[in-house]
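Notes follow once the structure below has been shown.
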Amino acid sequence: MTIRSVRTRAGRARRCAAAALGGVLAAGALAACSSDPTRKSSGDTGVLNMYLYQKPKTFSPLAPNNGPDQLVMSFVFDSLYGVDGSYELKPHLAAAAPEVSDDAKTITFKLKPGLKWSDGEPLTSKDVVFTFNALADPDTGSAKVGDFAAVTGAKELENGDADTLKGVTAPDETTVKITTTRPAAGLPGLIGATPILPEHVLGDVPEDELGDHGFFNKPTVGSGAFKFVDYKTDQYVELEANPNFREKVSVKKVFLKPVTSDVATAQLRTGEMDLTQVSPTDLPTVKQMDDVKVVSAKSPGFTRIAVNQSQERFKDPRVRRAMLMAIDRKGLIEKVLGGQGTVVNSSFYGDIASAAAEDYPHDPARAKSLLAEAGWDGSEPVTLSWIPGQRDRDTAVTVVQSQLKAVGVDVKLKQVQADELLKSYEDKSYDLALFGGGDYATEPSNVAGITACDLSYPAGGNVAHFCHPELDELMEKADAVADPEERKRLFQRAAKVENEQVPYLWLYNPDTIWAHRSRLSGFEPSGLPTNEVGFWDFANWKLS
């Protein structure tokens, strides 16, 4: 599938759809063979073999977000900012925090001096300007056009009335200045983790050919800690250390291996795998392995159920509240995650989510009462769709089916594949869908991507087709305020409304659990399995 095949100018509104798919996990299979270099290299003090939970599709920041793609890109491309353990912005290519004017309509980024691409060419503010223009231009096939909607000139570029973003300029080699048509204090959090592309390699490619350019199958030049070497389909992505990275990296080579979690766990035991994510159900086994360490992190990533609110029967919030209270979410965490997770009651995260007052405890009697008040027709079955293959989700759907049935919701289970699930979002043919998602911790305004009335899928990531104008208004007000405390107060009000409306059934946020051979040191787990926010500090990784 090419980028352009899923993105045309006709769909020029924000493209946040991938956020809904960001956490969809499906493991590929490795056809191991005797010539497999990852096996030959196991135990090599300079070579790291790492689990990749799904086969990658493309290595392009223009494409819709896809977890395995993003994980590989986090090795190959650098960004202005990553995040720290609290999901606050942390300078990468940037020299410091972004400078935001008092009216939040001018944002200035300063780059570190002396940055280089992997081929030795200088990395400058022109590369950032080139990247942001490519991402904001629908003619490139970009799925990120909506992220730049507030930037001056975005509308003209989108309509074809301009060739570039008027509001993005490079006053000198280390400065990027952005002006916006409205206050947009959240813009650095929205675009700061975007992989920056090499203007000297791609700058002459016609914009309507950029999205499908071969560079994104084999990115020959990057700015990340590692250089792309090769992708052997279904087997491994091979990377080697980038000598021009902004920090010295001691790991010489990395193989990212798309295997099933069972294979990854088995190879961790034998030493063929150095670093892997672990299912909670495998944790007891992994903990008993010799020379293996387990580390975990609380995660803003989530598992939830979308409720198709284009259907009349799901529009009453009492129905959604009832379904949430019918499900024993604490029990789910204990049963399917071994206690390795957190119940949440909002799409927001941290202090902002704390304003979500109702915690919807397991209460079947109250659920029945709410359904009765809403006039629920229990004779009409409801289909719950999900992509099979992950142990926690496979178990969770059966528990949810049983518990909803107990309050009068007749649930039929339906296994689907990713393309089928996305199509059902678009044609509004599904009833309920269990899915996973990523990060709304770094920038709370990102929540609008899955709740705003005008971002119903496929124009955005609002796969539930939820719409509540008061929530939209609060989100817009919050994003237009520069003062951090005032922004926080407005987002907390928004979180309260979202909590009351229950646009999604929030099941749990699973902890991210990693295990690694003890010969690897300096690894800190990211709460996000895909590292889409640039958390990892590769310079600290050491092999012995």
Side-chain angles (χ1 to χ4, degrees), residues 20 302-332 343-348 353 356-386 393 396-414 416 421 424-435 437 447 450-453 455-457 461-472 494-508:
F302 54 77
T303 300
R304 62 178 58 157
I305 292 176
V307 182
N308 183 1
Q309 289 154 69
S310 71
Q311 296 185 25
E312 196 63 35
R313 58 179 172 167
F314 296 127
K315 286 185 176 178
D316 190 326
R318 289 176 295 184
V319 170
R320 304 190 296 274
R321 291 174 193 142
M323 290 194 288
L324 195 58
M325 298 180 78
I327 302 170
D328 180 6
R329 294 177 293 159
K330 289 184 177 177
L332 273 178
V343 170
V344 296
N345 296 294
S346 170
S347 296
F348 294 88
E358 177 57 64
D359 59 6
Y360 299 104
H362 182 219
D363 189 341
R366 178 63 178 149
K368 286 182 180 178
S369 176
L370 284 171
L371 287 172
E373 290 175 17
W376 177 257
D377 180 3
S379 66
E380 186 178 357
V382 172
T383 300
L384 171 56
S385 304
W386 91 107
R393 298 183 191 190
V397 293
T398 62
V399 175
V400 169
Q401 178 189 36
S402 174
Q403 294 180 341
L404 286 180
K405 184 178 181 180
V407 301
V409 181
D410 181 15
V411 174
K412 310 294 185 187
L413 299 182
K414 181 182 180 183
V416 296
L421 186 63
S424 73
Y425 290 155
E426 184 167 1
D427 61 22
K428 305 175 182 177
S429 61
Y430 79 97
D431 297 335
L432 307 178
L434 184 143
F435 70 108
V447 170
I450 59 169
T451 59
C453 297
L455 293 178
S456 182
Y457 190 90
N462 183 358
V463 298
H465 306 286
F466 167 80
C467 181
H468 195 270
E470 182 187 356
L471 178 59
D472 284 5
K496 186 173 186 298
V497 172
E498 201 237 2
N499 168 256
E500 292 169 351
Q501 291 298 313
V502 191
Y504 297 87
L505 306 184
W506 309 286
L507 294 186
Y508 47 74

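Ionic pairing of Asp431 and Lys412 is not present here: no N-O contact between side-chain nitrogen and carboxylate oxygen is shorter than 4.0 angstrom.
Tested against Val407, the residues Met325, Lys368, Met323 include a single side-chain contact (heavy atoms from CB on, under 4.5 Å) partner, Lys368.
Legend: residues meeting side-chain contact (heavy atoms from CB on, under 4.5 Å) with Gln501, ordered by chain and number and at least two apart, are Pro317, Arg320, Arg321, Phe466, His468, Val497, Pro503.
Relative orientation of the Tyr430 and Tyr425 rings is perpendicular, given thresholds of 30° and 60° on the angle between their planes.
Annotation for Asp472 and Cys453: closest pair OD2-N, 3.0 Å, computed over non-hydrogen atoms. The heavy-atom pair separating Val411 from Gln401 by the smallest distance is O-NE2, 3.0 Å. Contact detail for Ala326 and Leu404: the closest heavy-atom pair is CB-CD2, 3.8 Å. Annotation for Ala396 and Tyr508: closest pair CB-OH, 4.0 Å, computed over non-hydrogen atoms. Residues Gly378 and Asp410 approach most closely at O-CB, 4.2 Å, considering heavy atoms. The minimum heavy-atom distance between Ser347 and Ile450, with the atom names listed, is OG-CD1, 3.8 Å.
Side-chain atoms of Asn499 come within 3.5 Å of backbone N or O of Glu358 as a donor-acceptor pair. Side-chain N or O atoms of Ser402 include none that pairs as donor or acceptor with a backbone N or O of Val399 at under 3.5 Å. Checked by atom type and distance alone, the side chain of Tyr360 never pairs as donor or acceptor with a backbone atom of Val502 at under 3.5 Å.
With a 6.0 Å radius and a threshold of 12 heavy atoms from other residues, nucleotides or ligands, Lys414 has its NZ atom at or below the threshold.
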Stepwise side-chain contact (heavy atoms from CB on, under 4.5 Å) test for Gln309 and Val307: CA-CA 6 Å; Gln309 289 154 69; Val307 182; 4.2 Å; yes

Arg313 and Asp377: CA distance, side-chain angles, deciding distance, side-chain contact (heavy atoms from CB on, under 4.5 Å) verdict: CA-CA 8 Å; Arg313 58 179 172 167; Asp377 180 3; over 6 Å; no

Candidate pair Val400 and Leu505, rule side-chain contact (heavy atoms from CB on, under 4.5 Å), full reasoning: CA-CA 11 Å; Val400 169; Leu505 306 184; over 6 Å; no

Residue pair Asn345, Arg329: steps toward the side-chain contact (heavy atoms from CB on, under 4.5 Å) verdict: CA-CA 11 Å; Asn345 296 294; Arg329 294 177 293 159; 2.8 Å; yes

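Within the 4.5 Å cutoff, side-chain heavy atoms of Val463 are placed close to those of Tyr504. Using a 4.5 Å heavy-atom cutoff, the side chains of Trp386 and Leu413 are in contact.
Remark: Lys428 NZ to Asn308 CG distance equals 8.0 Å, nearest 0.5 Å. We find the CG-OG1 distance between Leu434 and Thr303 to be 6.5 Å, quoted to the nearest 0.5 Å. The structure places CZ of Phe302 at 5.0 Å from CZ of Phe435, a figure rounded to the nearest 0.5 Å. Distance check, rounded to the nearest 0.5 Å: NE2 of His465 to NZ of Lys315 gives 11.5 Å.
Of the N and O atoms on the side chains of Asp328 and Gln403, not one donor lies less than 3.5 Å from an acceptor on the other residue. Residues Glu498 and Thr451 bring no donor and acceptor atom of their side chains to less than 3.5 Å of each other.
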